[in-house]
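The structure appears below as structure tokens.
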There are 2 protein chains.
Amino acid sequence: MESPAPRRTRIQQEKRELILEAALEVFSTNGFRGSTIDQIAEAAGMSKPNLLYYFRRKEDIHETLMQRLLDTWLAPLRELDDIGDPLTELRSYIRRKLEMARDFPRESRLFANEILQGAPRIMPLLEGELKTLVDEKATVIKGWMRAGKIAKTDPWHLIFSIWATTQHYADFDVQVRAVLGPDRGGDGRFEDAARFLEQLFIEGLKPKG
Amino acid sequence: MESPAPRRTRIQQEKRELILEAALEVFSTNGFRGSTIDQIAEAAGMSKPNLLYYFRRKEDIHETLMQRLLDTWLAPLRELDDIGDPLTELRSYIRRKLEMARDFPRESRLFANEILQGAPRIMPLLEGELKTLVDEKATVIKGWMRAGKIAKTDPWHLIFSIWATTQHYADFDVQVRAVLGPDRGGDGRFEDAARFLEQLFIEGLKPKG
DNA sequence: CTAACGTTTGTCCAATCGGTCAAAAATTTG
DNA sequence: CAAATTTTTGACCGATTGGACAAACGTTAG
């Protein structure tokens with residue numbers, strides 16, 4: 001698909017990076033169709049034709065952004081290992097995901113935007129790479145359940161619920177802050193969330209009997 | 001703000017309803033800026049000028065849609081009562097929210113789109129009506145905790161987590177279906193989700209000791 | 001019937017969109 | 001230095017956008 005080794009100068013590397021950073025900001029808050037090349041160019045501090053010299057089409061920027069995103073986005077799940085105590089393993093997965101929501105909210109929103117609109121550009125990835133990874137981890141979790149290490153439930157929906165609860169703090173950040181108000185909506189909200197989620201999932205998954 | 005009683009003919013009532021239905025479909029899948037008046041008009045089976053006869057601006061349609069949405073959207077939380085068994089009360093709240101995600105996914109996505117983009121049109125509502133309602137219910141939940149009926153945690157984040165997990169099945173529907181695959185991604189996925197969420201929250205919230 | 005009113009549409013407009021192009025400016029290379 | 005190459009930009013284009021408007025059409029009350 002992509003040319004194997006696109007030779008790039010130093011300036012090209014830097015400017016492309018600059019554009020991607022600006023595009024992440026714009027796309028994540030306005031969606032793909034809601035964002036204009038002019039907006040991205042202005043945010044990157046260059047003219048529109050100049051931007052189009054580095055990325056020939058608007059879609060190319062978005063595609064590059066999405067490709068990079070998915071790698072880092074799924075990293076925490078990949079790290080979910082069979083070695084170590086299951087409850088500890090799940091606890092760190094939840095913590096890592098919540099940290100990502102805190103540190104990379106724009107990436108989370110970019111992804112959410114794409115999914116919300118039917119994932120037109122990454123559907124094959126969801127059905128392929130993502131499904132494979134989740135199925136694999138679901139098997140690991142199922143093993144924990146069979147061994148009586150955690151309560152028996154549906155591993156897939158368990159993973160969904162971890163995604164949903166953690167990403168919520170990035171995607172619905174404005175709502176969270178509005179509801180918590182100026183007092184509790186400050187920086188401490190992520191620590192409160194971490195405490196709550198840990199309790200919910202650990203207590204909810206402790207083996208019975 | 002709004003004229004108190006906009007007198008409308010029978011045709012106006014019907015056509016406005018038709019437009020709102022079409023607009024819900026279009027807005028929820030393309031976002032506000034990603035949707036065009038032509039798309040909505042075509043989906044409603046009328047010409048663009050005709051549509052603009054009933055709603056003078058594109059924003060008016062969106063605004064009307066959002067106002068209606070919020071009432072029905074918060075209804076389940078309003079019903080969360082102090083009477084009755086706390087765990088049962090929470091269980092039915094979760095079930096109702098999940099049913100709404102199943103039966104009104106477009107409304108959920110419309111709301112998600114708005115929040116994702118910083119809630120530019122409903123921010124006052126979030127800080128006002130919504131915050132008040134959530135604070136009120138958080139007090140109720142706190143009472144249950146003090147009475148030892150459910151485990152002690154943060155009521156606000158508990159509510160967030162219920163929102164996140166249930167709405168996930170509407171907002172991220174494509175991803176859920178893609179990961180579950182053709183076998184498990186069918187109609188049964190909502191029942192599986194209901195079973196899982198019930199277990200997670202009930203076990204996670206059972207009082208200790 | 002006809003006048004009044006409500007409804008519908010074809011046509012048009014200015015603004016904005018993604019993208020092109022040639023030429024200027026800056027940089028690298030020999 | 002000068003030539004070759006890369007980078008930057010102003011001007012421009014066709015398509016699409018939200019919206020205006022007057023004329024045509026339909027309906028209803030007297």
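Chain identifiers are assigned alphabetically (A, B, ...) following the order of the sequence lines, protein sequences preceding nucleic acid strands; residue numbering begins at 1 within each chain.
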For the pair B:Phe32 and B:His62, name the ring-plane relationship: parallel under 30°, tilted 30 to 60°, perpendicular over 60°. perpendicular

Parallel, tilted or perpendicular, as decided by the 30° and 60° cut-offs, for the rings of A:Tyr169 and B:Phe160: perpendicular

Could you state the [atom1]-[atom2] distance from [X] to [N], rounded to the nearest angstrom?
| X | N | atom1 | atom2 | result |
| --- | --- | --- | --- | --- |
| B:Ile40 | D:dT17 | CD1 | P | 12 Å |
| B:Asp60 | D:dG18 | CG | P | 14 Å |
| A:Glu14 | C:dT27 | CD | C1' | 13 Å |
| B:Glu59 | D:dT17 | CD | P | 18 Å |

Applying a 4.0 Å non-hydrogen cut-off, can you work out what A:Lys48 is touching in the nucleic acid: base, sugar-phosphate, or nothing? base

Report which part of the nucleic acid B:Phe55 touches: base, sugar-phosphate, or nothing (heavy-atom distance under 4.0 Å, all strands). nothing

Drop me the distance from A:Leu51's CG to A:Glu42's CD, to the nearest 0.5 angstrom. 12.0 Å

[X] vs [N]: side-chain N/O to OP1/OP2 distance below 4.0 Å:
| X | N | answer |
| --- | --- | --- |
| A:Asn50 | D:dT9 | yes |
| A:Tyr53 | D:dT7 | yes |
| A:Gln12 | D:dT6 | no |

Please determine whether any donor N or O and acceptor N or O are separated by less than 3.5 Å between the side chain of A:Lys58 and the base of C:dG19. no

Whichever of B:Pro49 and A:Met46 has its nearest DNA chain D nucleotide further upstream toward 5': A:Met46

From the set C:dC17, D:dT7, C:dT8, return the single nucleotide nearest to any side-chain atom of B:Lys15. C:dT8

Where each residue is assigned the nucleotide of DNA chain C containing its nearest heavy atom, which of A:Gln39 and A:Leu52 is assigned the position nearer the 5′ end? A:Gln39

